[in-house]
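Read the structure below first, then the notes.
These numbers were taken from a predicted model, which means no experiment stands behind them.
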Amino acid sequence: MATIREVAKLAGVSVATVSRVMNKNGYINEKTKEKVEAAIKELDYRPNDVARTLFKGTSKMIALFVPDIMNPFFPELARAVEDTANKSGNTFILCNTDNNREKEMKYLHALLQKTIGGVIMVSSSIPLETLNKVNVPIVALDREIMDMISVTVNNRTGAVEAVRHLQESGCKRIAHISGPEDTTSAVERKKGYLEAVEQENWFSEDFITPGEYTFEDAYQAAKKLIKKHPEIDGIFAANDLMGVGVLKAAESLNLRVPEDLSVIGFDGIELGKITTPALTTMGQPIYEIGQRAAEIIIDRMENKQKEITSEQYTVQLIKRQSTK
């Protein structure tokens, strides 16, 4: 394997000049740059990441922690982070945590031993005091982690809009399949549902049941809910995967969607387009928020002193066949 000294010798320049060309740091005249790039190509030179890590104290690796890789929302999010990382010359690492604190801690400790450059957290049951001791940039994505920079969407107002859509389409009794109570996005979406319906004379806490952001839990929860309250004619599921579970539950109970039951989800994943009927949803700009989280991490890795604030994006109603 070629060394940087061999590249410098072939190009007739100093090692420092080769380093400046590769890192795009400082002025290099065009002819010198071309000679260095030609030498790199001829020798098939690749920088030694281990040496660079030892020198800089960090690496060009970005890790993304997600709670459930089986949920199609997270691969779509991961694609955006990966694309952005690769474009900037960073390596992307995906960590599926299963919402398990022990598994998250093992991943985090292993990555810190490799001098990870930055971490994007979609999943975190790690205590805040532990995260605060981590000496690399961390950004929370999709859900908030106290005192940390986050990239999220307007979960509460989006949920209000989802329920209002059901109301405006004629639904009189609207239930909610909620997400995990320890997840800020789920909590905010539940608050939005309550804001829209808790003053209605028909409302009861019985109209809310947990679905844990999974297809199977939502499927079972929706069947029990509808059997107990057959008057329900609308369901707001806190994510699209649960929305698909509700559609399957309606089918098993011989209910027509949307004639007998209207269903709306939250996320805007591709799966919602191909269900029968297609799922109405509050669409997140999934790629955009993943890309932005990666951009922030890269910015923090390159300039840790730079002031960066949390960002919130807006969801949009996507009307499909599951609502009237």
Side-chain angles (χ1 to χ4, degrees), residues 73 153-180 183 185-215 217-269 271-285 314-324:
F73 174 75
V153 298
N154 57 330
N155 289 293
R156 182 167 181 165
T157 55
V160 172
E161 187 177 351
V163 179
R164 297 283 187 234
H165 173 64
L166 293 176
Q167 292 169 329
E168 289 165 4
S169 66
C171 294
K172 303 298 183 184
R173 302 286 190 278
I174 300 168
H176 179 48
I177 309 292
S178 61
T183 303
S185 59
V187 170
E188 289 300 304
R189 291 169 198 179
K190 182 178 176 180
K191 287 179 180 177
Y193 164 78
L194 288 170
E195 182 179 328
V197 304
E198 64 183 346
Q199 299 304 317
E200 299 285 347
N201 56 19
W202 54 263
F203 174 71
S204 163
E205 290 287 342
D206 283 353
F207 280 69
I208 303 173
T209 189
E212 301 303 325
Y213 274 173
T214 72
F215 169 88
D217 283 349
Y219 171 71
Q220 298 296 343
K223 285 207 301 183
K224 290 178 183 177
L225 190 61
I226 294 167
K227 287 178 180 178
K228 184 177 181 180
H229 294 284
E231 69 274 20
I232 289 171
D233 57 1
I235 292 181
F236 164 46
N239 75 353
D240 282 352
L241 193 58
M242 293 197 300
V244 176
V246 174
L247 293 178
K248 194 66 177 177
E251 180 184 36
S252 73
L253 296 171
N254 295 316
L255 293 175
R256 299 170 300 162
V257 177
E259 292 85 358
D260 302 321
L261 179 72
S262 287
V263 182
I264 188 168
F266 200 115
D267 278 343
I269 60 177
L271 178 63
K273 295 179 182 178
I274 60 175
T275 56
T276 303
L279 181 67
T280 295
T281 186
M282 300 305 302
Q284 296 196 56
T314 302
V315 296
Q316 292 189 339
L317 174 64
I318 302 173
K319 296 180 184 179
R320 297 196 184 113
Q321 299 165 332
S322 67
T323 55
K324 297 176 185 175

List in chain and number order the residues that pass ring pair (Phe, Tyr, Trp, His ring centres under 6.0 Å) with F215, two or more places apart in sequence or in another chain; answer none if no residue qualifies.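 Ring pair (Phe, Tyr, Trp, His ring centres under 6.0 Å) check on F215 returns nothing, list empty.
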Under the salt bridge (charged side-chain N to carboxylate O under 4.0 Å, His left out) definition, can you give me all pairs with a residue in residues 204-215, not counting sequence neighbours?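 Qualifying pairs, neighbours excluded: D206-K228.
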Kindly state each residue pair satisfying salt bridge (charged side-chain N to carboxylate O under 4.0 Å, His left out) with at least one member in residues 156-171, sequence neighbours excluded.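 Qualifying pairs, neighbours excluded: R156-E195.
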Can you give me the closest heavy-atom contact between [X] and [Y], atom names plus distance?
| X | Y | answer |
| --- | --- | --- |
| A186 | P180 | CB-O, 3.3 Å |
| L247 | S322 | CD2-CB, 4.2 Å |
| S262 | L166 | CB-CD2, 3.8 Å |
| G179 | A238 | N-CB, 3.8 Å |
| V163 | A196 | CG1-CB, 3.6 Å |
| G192 | V160 | O-CG2, 3.4 Å |

Could you list the donor-acceptor pairs under 3.5 angstrom formed between side-chain atoms of residues 272-281 and any protein atom two or more places apart in sequence or on another chain?
{"from": "K273", "atom 1": "NZ", "to": "E270", "atom 2": "OE1", "distance (Å)": "3.3"}
{"from": "K273", "atom 1": "NZ", "to": "E270", "atom 2": "OE2", "distance (Å)": "3.3"}
{"from": "T275", "atom 1": "OG1", "to": "G272", "atom 2": "O", "distance (Å)": "3.3"}
{"from": "T275", "atom 1": "OG1", "to": "P277", "atom 2": "O", "distance (Å)": "2.8"}
{"from": "T275", "atom 1": "OG1", "to": "L279", "atom 2": "N", "distance (Å)": "3.4"}
{"from": "T280", "atom 1": "OG1", "to": "R320", "atom 2": "N", "distance (Å)": "2.9"}
{"from": "T280", "atom 1": "OG1", "to": "R320", "atom 2": "O", "distance (Å)": "3.3"}
{"from": "T280", "atom 1": "OG1", "to": "T323", "atom 2": "OG1", "distance (Å)": "2.9"}
{"from": "T281", "atom 1": "OG1", "to": "D240", "atom 2": "OD1", "distance (Å)": "2.7"}
{"from": "T281", "atom 1": "OG1", "to": "D240", "atom 2": "OD2", "distance (Å)": "3.3"}
{"from": "T281", "atom 1": "OG1", "to": "F266", "atom 2": "N", "distance (Å)": "3.3"}
{"from": "T281", "atom 1": "OG1", "to": "D267", "atom 2": "N", "distance (Å)": "3.4"}
{"from": "T281", "atom 1": "OG1", "to": "G268", "atom 2": "N", "distance (Å)": "3.4"}

What pairs with [X] under side chain to side chain contact (heavy atoms under 4.5 Å, CB included), at least two apart in sequence or on another chain?
| X | answer |
| --- | --- |
| T209 | I177, A221, L225 |
| Q316 | none |
| S252 | Y219, K223 |
| Q199 | none |

Quick one, I226 with I235, criterion side-chain contact (heavy atoms from CB on, under 4.5 Å). Give me CA distance, side-chain angles, the key distance, then yes/no. CA-CA 10 Å; I226 294 167; I235 292 181; 4.1 Å; yes
Within this structure, what is the [atom1]-[atom2] distance for the pair [X] and [Y], rounded to the nearest 0.5 Å?
| X | Y | atom1 | atom2 | value |
| --- | --- | --- | --- | --- |
| N154 | M282 | CG | CE | 7.5 Å |
| I264 | I318 | CD1 | CD1 | 9.5 Å |
| H165 | K319 | NE2 | NZ | 5.5 Å |
| I232 | K227 | CD1 | NZ | 13.5 Å |

Any pair counted as ring pair (Phe, Tyr, Trp, His ring centres under 6.0 Å), so long as it reaches residues 233-252, sequence neighbours left out: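 Checked against ring pair (Phe, Tyr, Trp, His ring centres under 6.0 Å) - neighbours excluded - the pairs reaching residues 233-252 are H176-F236.
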Of all residues at least two apart in sequence or in a different chain, which pass the salt bridge (charged side-chain N to carboxylate O under 4.0 Å, His left out) check with [X]?
| X | result |
| --- | --- |
| K324 | none |
| K191 | E188 |
| K248 | E251 |

Looking only at side-chain N and O atoms, does Y193 offer a donor or acceptor that is under 3.5 Å from a partner on S178?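 Side chains of S178 and Y193: no pair found under 3.5 Å.
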Compare all side-chain heavy atoms of F203 with those of L194 and state whether any distance is below 4.5 angstrom.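 Yes, side chains in contact.
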Do I269 and N239 make a side-chain contact, defined as non-hydrogen atoms from C-beta onward lying under 4.5 Å apart?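 Sidechains of N239 and I269: no contact.
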For K172 and W202: C-alpha separation, side-chain torsions, deciding distance, then whether side-chain contact (heavy atoms from CB on, under 4.5 Å) applies. CA-CA 9 Å; K172 303 298 183 184; W202 54 263; 5.8 Å; no
For E198 and F207, what are the C-alpha separation, side-chain angles and deciding distance, and is it a side-chain contact (heavy atoms from CB on, under 4.5 Å)? CA-CA 10 Å; E198 64 183 346; F207 280 69; over 6 Å; no
